[in-house]
Enquirer: 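Have a look at the structure that comes next, please.
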Amino acid sequence: MGAEISKQIQRRKDVLREAKVLRDLSKTCGTQFPGCDYCCSDRKNWMNGLDPRKIPLFKIVWPGTHDSATNRIGIRFVSRPFAQCQSLSIYNQLVGGTRVFDIRVQKDRRVCHGILATYSVDVVLNDIKKFLRETKSEIIILEVRTEFGHQDPPEFDKYLVDQLGEHLIGQDDSVFGKTIAELLPKRVICVWKPRNSPKPQAGGQLWGEGYLKDDWLNTDLPSTKFDSNMKHLGEQPPASMRKYFYRVENTVTVQADNPVVCVKPVTYRIHGYARLFISQCFSKGLADRLQVFSTDFIDADFVDACVGLTSARIEGKAQKVPFYVFS
């Protein structure tokens, strides 16, 4: 018992120490970057507002969400705090500017996070189709994967094509260099990641797992995750040279042996440092590598940071190392 108490005390010290590292870095270096003062007037239509003819896909900083469809998972006030990573529905996330979604499913086509399940994936797809009807130029990346420890839904690839077929942007490496206008009226890049079922075929309507990559680190320590994200981002080629999307997740993860097991207080250890991460990408010469940027409990500030940098790239203002990053 004494050893376990000592371990938890040390863990708490580690969390506080790492939180201080990010606070001090923010104070010392600031959170400025090209486009940091951008305030989106219409987040529902932000791609259209930037002019689809001027936006090649590789220049977009895509605001995304982690465990996107968990707003109603589990039982409220009972199990939900242990698995909920978003408070908004998929539709409301779309309206708020989110453009990349991480959807986990189980065998019966219900969305899940670990052992907890929520509504059918039909709810997700209906929200997406509603949003597509209401807008004209917004492109969405929809990642659907079978959750760890679960079986693939039967014939799920056919189901996705049946549901989204008219909107799907087919798998094609040339897509990365095309503008949004050149891809319209197709609007959805759907990445399907099964566990045991056949993978999407080259040239098909669904994209395989190699087209959306990340380097996820299972930690609840904010500075450790921040540094890991930066390290792995630095190992990627510039977005303009890639034929895949690369995701950075501005999140930390609940650890089972830690007394704090609710998602929100844990992930908020890093949540407020998204702008610091972008600023540090510039100071380290890695800003041209940042592409998909995801978070828990997405908000307007996170979206505006991504859209602001996208706007700066389009206008040719996103230099690698702006002088004002340093203090």
Enquirer: Given side chains that start at C-beta, do those of N48 and E138 come closer than 4.5 Å, heavy atoms only?
Expert: yes

Enquirer: Go through the structure and list residues passing side chain to side chain donor-acceptor pair (under 3.5 Å) with Y159, not counting sequence neighbours.
Expert: D122

Enquirer: Can you list the residues that meet the salt bridge (Lys or Arg N to Asp or Glu O under 4.0 Å) rule with R242, with sequence neighbours excluded?
Expert: none

Enquirer: Taking C-beta and beyond as the side chain, do T70 and T118 meet within less than 4.5 Å on heavy atoms?
Expert: no

Enquirer: How close do I298 and G64 get, counting heavy atoms only, and between which atoms?
Expert: CD1-O, 3.8 Å

Enquirer: Any idea how F176 and Y211 line up, ring-wise: parallel (<30°), tilted (30 to 60°), or perpendicular (>60°)?
Expert: parallel

Enquirer: Taking side chain to side chain donor-acceptor pair (under 3.5 Å) as the test, write out the residues that go with Y91, two or more places apart.
Expert: E134

Enquirer: Distance to the ring centre below 6.0 angstrom and angle to the axis at most 45 degrees; does that hold for K213 and Y244?
Expert: yes

Enquirer: Of T253, V260, V254, N258, which is the lone residue that meets side-chain contact (heavy atoms from CB on, under 4.5 Å) with D220?
Expert: N258

Enquirer: Give me the ring orientation class for F156 and W192: parallel if the planes are under 30° apart, tilted from 30 to 60°, perpendicular past 60°.
Expert: tilted

Enquirer: Please report the closest heavy-atom contact between D67 and C112, naming both atoms and the distance.
Expert: OD1-O, 4.3 Å

Enquirer: Check for a donor-acceptor pair, side chain of T28 on one end and backbone N or O of D24 on the other, with a separation under 3.5 Å.
Expert: yes

